[in-house]
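Inspection log for the structure reproduced underneath, given as structure tokens.
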Amino acid sequence: MTQQKSNKAALYILMFNMFIAMGSIGIIIPVMPEYLKLFGAAGQILGMLIATFALAQFVFSPIAGNLSDQYGRKNLIIFGLIVTGLAQIGFGLSTEVWMLFLARFLGGVGSAFVAPPIMAFVADVTTYEERGKGMGMLGASMSLGFMIGPGIGGFLSKVSLHFPFYTAGVAAILAAILSLFLLPSKKPNTAQKMQKQDNLAKQMVRSVQMPYFVMLVIMLVFSFGIANFQTTLSLFVTEKFNYTPTDIAIILVVGGAFGVIVQMFVITPLFNRFGEMKVVLVNLFIAAVSIFLILFVSGFALILVVATIFSTATTLIRPAVNTLISKLAETEQGFAAGLNNAYMSLGNMIGPALAGILFDWNMNSPYIFGAIILMACFFLALIWTMKKAPHLLHPDTK
């Protein structure tokens, strides 16, 4: 097998792993409101559970990214998938609220050892010119997981509220077994091996000096904003419109489907014509407007349209930011991917916790606050680009 074919095969396996990892998260989304009722819990607990997951990601993502630079990507991905699977099964077996938090923390650890090494692996098997396409395909697999996962979760919840968690866990463990036999091993280069692994605090301090630091800040603020929407959407439509898990699953599936289509067939031409930064700016603005509009629409069709617009905009932002960071990271792909995931996790940690509290206070407030945060992120990105990096407003011709 030629190197090109080997790299292509590796990319497909990585996409499958990301699909399984994200699908195992998406599968539980429509079930959570009803499942938490078994424990007498509501919006605040849901937000704190998501924040706990993100806290573990924040702590372990830079570690996982650095380890993948030093020792290779494959073993870390397999380990992460196994931990993810066991955490999902443990969540389904929980009988106390503290057990839910423990399972979600372990799930975050597993995710931290999956996402950064996969992102770094994609950079390993793509050229500079193909980086945007590779990140777009990886993003499409993430969106596909979120699209199919909720649909499966809504269907499996009819068997029992616990069954989706067991299914997600088994799927992640099977993906780990397949990766063991099918995913090629890529040895890190000498420069990567010689890099000293700093602790989390030192890595966060070091991130300020990186040329992609503002991209990390955008990822943080962006993730913080969308978490307000994603955390409380199922609770919002359940309380306001009495939607069922199946209704919620349809909304998530349609939004995910559009995201997959855009990332598979539209994102590369967009990057080539406008550049990644313009894609980030336009879709930050669209996301801010659409999250605010959700408060003023009623009827399943209109809610579906607005939610789909928001979902499509956010699925375009993530691979654009990932691509910019990867292009600027040079040999430190694992380190950059770990920082990227850490900043994203930090936003995902603070956002859901605050969103749950705001929702319990007033169910409209998370969306108002989320719109403000996303619009602030838009202006931050615009001002920085115009003053410090105007070349990013044009397609990369390197």
Side-chain angles (χ1 to χ4, degrees), residues 7-29 53-54 57 60-61 64-65 68 73-85 87-88 107-126 130-150 152 168-169 171-180 182-184 186 219 223 230 252 256-257 259-264 267 311 314-323 325-326 333-334 336-338 340-341 344-345 348:
N7 288 344
K8 194 171 184 179
L11 179 59
Y12 289 140
I13 297 170
L14 294 170
M15 290 172 62
F16 175 75
N17 284 340
M18 187 64 83
F19 164 76
I20 292 296
M22 296 301 104
S24 69
I25 297 174
I27 201 172
I28 70 174
I29 292 175
F53 184 94
Q57 280 188 313
F60 288 95
S61 288
S68 77
R73 327 292 189 196
K74 179 176 177 177
N75 290 337
L76 293 179
I77 293 170
I78 293 171
F79 172 76
L81 287 169
I82 292 174
V83 174
T84 296
Q88 292 283 33
V109 173
S111 179
F113 278 87
V114 172
I118 285 181
M119 290 172 61
F121 211 139
V122 169
D124 291 342
V125 298
T126 56
E130 295 174 336
R131 193 68 46 78
K133 181 179 180 180
M135 290 298 177
M137 293 176 68
L138 187 65
S141 67
M142 295 174 67
S143 297
L144 188 62
F146 278 122
M147 177 188 74
I148 295 179
I152 296 174
I173 293 173
L174 288 177
I177 295 172
L178 289 174
S179 296
L180 177 63
L182 299 179
L183 189 63
K186 277 196 166 290
M219 180 60 77
S223 300
Q230 294 174 335
L252 297 174
V260 170
I261 294 170
V262 166
Q263 289 182 96
M264 287 296 292
I267 197 167
S311 177
T314 56
T315 55
L316 281 169
I317 296 170
R318 211 179 292 275
V321 174
N322 291 344
T323 302
I325 291 174
S326 180
Q333 292 295 329
N340 186 12
N341 214 47
M344 180 185 68
S345 301
N348 288 339

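Throughout, numbering of the chain's residues begins at 1 and tracks the sequence. Fair warning: this is a prediction, and the values are worked out from it, not measured in the lab.
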So do [Y] and [X] actually touch side chain to side chain, heavy atoms under 4.5 Å?
{"X": "M15", "Y": "V122", "result": "no"}
{"X": "L14", "Y": "I77", "result": "yes"}
{"X": "F113", "Y": "V83", "result": "no"}

> Ignoring hydrogens and geometry, is there a side-chain-to-backbone donor-acceptor pair from T84 to G80 under 3.5 Å?
Replying inline: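 Flag set: sc T84 to bb G80 pair under 3.5 Å.
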
> Is there a donor-acceptor contact under 3.5 Å from the side chain of K74 to the main chain of P184?
Replying inline: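 Between the backbone of P184 and the side chain of K74 there is no qualifying donor-acceptor contact (under 3.5 Å).
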
Say you draw a straight line from [atom1] of [X] to [atom2] of [Y]; how long is it, rounded to the nearest 0.5 Å?
{"X": "L180", "Y": "L81", "atom1": "CG", "atom2": "CG", "value": "11.0 Å"}
{"X": "I325", "Y": "N340", "atom1": "CD1", "atom2": "CG", "value": "3.5 Å"}
{"X": "S111", "Y": "Q57", "atom1": "OG", "atom2": "CD", "value": "3.5 Å"}
{"X": "L178", "Y": "F16", "atom1": "CG", "atom2": "CZ", "value": "5.5 Å"}
{"X": "M22", "Y": "N17", "atom1": "CE", "atom2": "CG", "value": "10.5 Å"}
{"X": "I78", "Y": "I173", "atom1": "CD1", "atom2": "CD1", "value": "13.0 Å"}

Can you name the nearest heavy-atom pair linking [X] to [Y], along with the distance?
{"X": "V114", "Y": "A21", "result": "CG1-CB, 4.1 Å"}
{"X": "P117", "Y": "A112", "result": "CD-O, 4.0 Å"}
{"X": "M18", "Y": "A115", "result": "CE-CA, 4.1 Å"}

